[in-house]
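Notes to accompany the following structure.
Keep in mind that this is a model prediction, so the values were computed, not measured.
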Amino acid sequence: MTSFSLLALAWLVLISPASLAAGASDGAADRPRVGLVLSGGGAKGMAHVGVLRVLEEMKIPVDMVVGTSAGSAVGALYASGMSVAEIENRFLEMDWLSSFRDDPGRAYKPVRRKQTEWRFPVSPGLGVSLDGLHLGAGIIAGQNLGFILNELTQSVALVEDFDQLPIPFRAVTTDLETGEMVVLGKGNLATALRASMSIPGVYAPVKLDERLLVDGGIANNLPVNVAREMGADIIIAIDITDALVGSDELQEAFSVFGQLTTMMTRRNTEQQLDLLDEQDVLIRPDLLGYGVADFSGAAVLFELGATSARGHAVELNRLVVASDAWQAYRARLTSASRETEGVIARVEIEHDRRLGGEFLRGRIRQKAGAPLDVEALEADLKRIYGLGYYETVSYSLSPSAEGTRLTIKVQEKSWGPNYLSFGMNYEDNFDGDTRFNLTSSLRVTELNELGAEWQTGLQLGTEPQIRTQWYQPLDYGYERFLVAGAEYSRDTISVYAPEGTRVAELDVSFRYADLGFGVELGGNAEARLTYTRGYATVNKQVGTADIPADEVHQGGITLQLVHDSLDDAFFPRDGAFAGIRGRIEREGMGSERHFDAITGMALGTGSWKNFTLTGLLYAHAVTRGEPGLENTIRLGGFRRLSAYAPGQITGDSAAMASAYASQTFGGPITPWFAGMGLEVGNAWESLSDARWHSSVKSWSVFTGRDTFLGPMQIAVAYNNKDNWTAYLNIGFSFTQLFY
């Protein structure tokens, strides 16, 4: 036997399972150090999990992990000691779409935001100042993604040196200013992953150590060299980088952009592939047909990764260890010392100059000396984010001499503090009644240390309106506040004869100022007392009805209590709305009228899978005096007794009950819905005149899809007088019936 053969035999003996099992440990000192390198690739990164499953099935230990973008996320979870089965379960249960949204949900917004958001639903991240308009650094700030990463890495939240993780780990990012690779091996693990996954233009960059960091795939999508520098003897590299496509597939702007992105990552990937030698293992899962956003295909991507790894079983077999050595390795990972949060010793808040720490402390319930309540803390941070002042609101844990330190970090919107939002609503019954309005709002925020705001909204169209108001909190917690405002609005009202014929059109306009005092009652309710002073003008435009022009002074007090926990302003699938408002007009308050009125509305909605059922009750009653024509309640129109024309049903008092059932189809990307509804009600001179036999009914069927402007719906309605009406509606919200 030659000397070369003897050396080869000796090497095989050294790395054989039997030799690795000889000691009580996993034999890491007696075998080559294995480095796992995971490339970026969006949703395709879930194929990495399938490869990890095969490595565990074969009993192949990993001594270090390096990842870029999606690879860093998968790698960090494995490096933290999480089993492959748990990683798979987490990914299958995760709401991936939420990571591409910053909005934590309507439930975390204050009631005052909810009252107007149906008018201005489009908030494109557009700021305004004296030097022009400003945009954010990314379509998505990464607010929800940050919470997701915090939750996934919670077990190692206090580990600041990534070499101290159960498996040493590195996350690769790119310096946005220089384009250079930045390797993160220390700090907060969730923040490191957030930086490595920050796709430029999609997610906002992460500022860390005075550098703006973005997706590591730009500089190094398959960081083989980083694993070498960490001391890896053998590298298992998993490459899911997209391949370049042919000219026949480059016909659209998106495909061209994708090709340019692939060129950038493919080039640096090829450079890293040149660093692999014969003893290394390169695995390239066949992911043809899957893209970076195919998160719904998680289960299939797991299997594709596993299948590809099994195809390299012969190459991988030399890295297998014996069962007892493998058990020792896994036991070391799962029992690795992990500091738990325990009691929070100190709460620190990192903020900038606009709003002070007291503003934030008044909204955070977590106290020093108490155990960490993650659920309550995240709820508080989501409510802070819901105020609309911050680009991100995050937290991190770190060890200190006193114990666990909780750091709350808020990042002001770079395009603030003045913001534009927009909206549109449209209603057409194809019978001459068309309503179309464009809306815009300017919100000037953070006007003092308590968080005062000044908002001005403008609506142009068939129902012009302008309102400006100052909102002034009276304490840091927003529990008490003052609102001072002024408003002008105008509407055209159709007058109908008893048989349903339109006989005239009136122009009704309102001009008034108001001052209110309010109290927040938890996150979803508020009470408000408001004094209003102004006047209304009624002018006949066309028609034969004998209605004289009139100008009426108004002055009165309203007391309003509102609860709003609906999950969506336009197409709610869960939650409730309840509002009651009492109004008093008296001569001593500046009014020419003398009357009392009360308005109430209750709405409840619930969903089972894709089926949604919604019920609504609405009533308005004049309990004393005569309110005058300008205060008449008008029903008719879309979902106000749909089979009747807008304003066809009028009276001093009114009531309506309705129920709607709908089914959603098409999945989360392109959902559409269809359903049916029943509305029953009428208007009377007095609510005491209301009788079931005097009510009118409207049955309807509808279909549509949700849009950024609110649901676009086509509906057909039929009433109990054999009349049919069709509607095209965009931007209807149930809550506008009350406000």
Checking the side chain of [X] only, and the main-chain atoms of [Y] only, is there a donor and an acceptor separated by less than 3.5 Å?
{"X": "Ser662", "Y": "Gly675", "answer": "no"}
{"X": "Arg101", "Y": "Gln143", "answer": "no"}
{"X": "Ser653", "Y": "Val622", "answer": "yes"}
{"X": "Thr650", "Y": "Gly647", "answer": "no"}
{"X": "Lys109", "Y": "Gly388", "answer": "no"}
{"X": "Ser565", "Y": "Ala576", "answer": "yes"}

If you measure from the Lys or Arg side-chain nitrogens to the Asp or Glu carboxylate oxygens, is any gap between [X] and [Y] under 4.0 Å?
{"X": "Asp564", "Y": "Arg112", "answer": "no"}
{"X": "Arg490", "Y": "Asp507", "answer": "yes"}
{"X": "Arg443", "Y": "Glu453", "answer": "yes"}

Do [X] and [Y] pair up side chain to side chain, a donor and an acceptor below 3.5 Å, judged on atom types alone?
{"X": "Gln560", "Y": "Thr530", "answer": "no"}
{"X": "Thr468", "Y": "Thr456", "answer": "yes"}
{"X": "Gln465", "Y": "Glu487", "answer": "yes"}
{"X": "Trp672", "Y": "Thr703", "answer": "no"}
{"X": "Thr612", "Y": "Ser607", "answer": "yes"}

Legend entry - Evaluation steps, side chain to side chain donor-acceptor pair (under 3.5 Å), between Thr434 and Asp428: CA-CA 4 Å; Thr434 301; Asp428 188 355; 3.2 Å; yes
Inset, instruction - Just do the side chain to side chain donor-acceptor pair (under 3.5 Å) check on Ser421 and Ser123 with the steps written out, would you? - result: CA-CA 5 Å; Ser421 55; Ser123 298; 4.6 Å; no
Heavy-atom distance under 4.5 Å between the side chains of [X] and [Y], does that happen here?
{"X": "Phe510", "Y": "Glu630", "answer": "yes"}
{"X": "Arg106", "Y": "Asp567", "answer": "no"}
{"X": "Ile148", "Y": "Ser98", "answer": "yes"}
{"X": "Ser441", "Y": "Arg119", "answer": "no"}
{"X": "Tyr618", "Y": "Thr599", "answer": "yes"}
{"X": "Glu427", "Y": "Tyr727", "answer": "yes"}
{"X": "Asn719", "Y": "Val696", "answer": "no"}
{"X": "Leu420", "Y": "Leu133", "answer": "yes"}

Inset, instruction - Would you mind telling me which of Leu728, Asn729, Asn437, Leu438 makes a side chain to side chain contact (heavy atoms under 4.5 Å, CB included) with Tyr426? - result: Leu728
Check whether more than 12 heavy atoms from other residues, nucleotides or ligands sit under 6.0 Å from atom [atom1] of [X], and answer yes or no.
{"X": "Met589", "atom1": "CE", "value": "yes"}
{"X": "Glu685", "atom1": "CD", "value": "no"}
{"X": "Trp96", "atom1": "CH2", "value": "yes"}
{"X": "Glu626", "atom1": "CD", "value": "no"}
{"X": "Phe708", "atom1": "CZ", "value": "no"}

Legend entry - side chain to side chain donor-acceptor pair (under 3.5 Å) partner of Arg435, chosen from Asn429, Asp491, Thr492: Asp491
Legend entry - Option passing side chain to side chain donor-acceptor pair (under 3.5 Å) with Ser591 (candidates Gln554, Arg586, Glu585): Glu585
Check: residues 730-739 side-chain donor-acceptor pairs under 3.5 Å, at least two apart:
residue	atom	partner	partner atom	Å
Ser733	OG	Ala569	O	2.7
Ser733	OG	Thr735	N	3.4
Ser733	OG	Thr735	OG1	2.9
Gln736	OE1	Ser733	N	2.9

Legend entry - Residues Val716, Trp724; criterion side chain to side chain contact (heavy atoms under 4.5 Å, CB included); working and verdict: CA-CA 7 Å; Val716 177; Trp724 294 85; 3.8 Å; yes
Check [X] against [Y] and note the closest heavy-atom contact, atom names and distance.
{"X": "Glu391", "Y": "Ala204", "answer": "OE2-CB, 3.3 Å"}
{"X": "Ala643", "Y": "Ser698", "answer": "N-OG, 3.0 Å"}
{"X": "Val122", "Y": "Leu709", "answer": "CG2-CD2, 3.7 Å"}
{"X": "Tyr385", "Y": "Pro104", "answer": "CD2-CD, 3.5 Å"}
{"X": "Glu679", "Y": "Ser642", "answer": "OE1-N, 2.7 Å"}
{"X": "Asp102", "Y": "Gly142", "answer": "OD1-N, 2.8 Å"}

Legend entry - Geometric cation-pi criterion, Arg639 with Tyr660: 6.0 Å, 45°: yes
What is the distance from atom [atom1] of [X] to atom [atom2] of [Y], rounded to the nearest 0.5 Å?
{"X": "Asn682", "Y": "Tyr644", "atom1": "CG", "atom2": "OH", "answer": "7.5 Å"}
{"X": "Leu629", "Y": "Asp652", "atom1": "CG", "atom2": "CG", "answer": "9.5 Å"}
{"X": "Ile140", "Y": "Ser99", "atom1": "CD1", "atom2": "OG", "answer": "7.5 Å"}
{"X": "Leu506", "Y": "Thr537", "atom1": "CG", "atom2": "OG1", "answer": "12.5 Å"}
{"X": "Arg634", "Y": "Ile493", "atom1": "CZ", "atom2": "CD1", "answer": "3.5 Å"}
{"X": "Thr725", "Y": "Gln648", "atom1": "OG1", "atom2": "CD", "answer": "8.0 Å"}

Inset, instruction - Scan Arg467, Arg533, Arg528 and name whichever one has a salt bridge (charged side-chain N to carboxylate O under 4.0 Å, His left out) with Asp514. - result: Arg467
Inset, instruction - Decide side chain to side chain donor-acceptor pair (under 3.5 Å) for Arg583 and Asn631; before the verdict, give the C-alpha distance in whole Å, the side-chain angles of both, and the deciding distance to 0.1 Å. - result: CA-CA 11 Å; Arg583 178 181 175 187; Asn631 295 308; 3.3 Å; yes
Legend entry - Phe571 and Thr664: CA distance, side-chain angles, deciding distance, side chain to side chain contact (heavy atoms under 4.5 Å, CB included) verdict: CA-CA 11 Å; Phe571 191 47; Thr664 301; 4.2 Å; yes
Inset, instruction - Tell me, please, which residues at least two apart from Trp692 pass ring pair (Phe, Tyr, Trp, His ring centres under 6.0 Å). - result: none
Inset, instruction - Over 60° means perpendicular and under 30° means parallel, so classify the ring planes of Tyr419 and Trp415, tilted if in between. - result: perpendicular
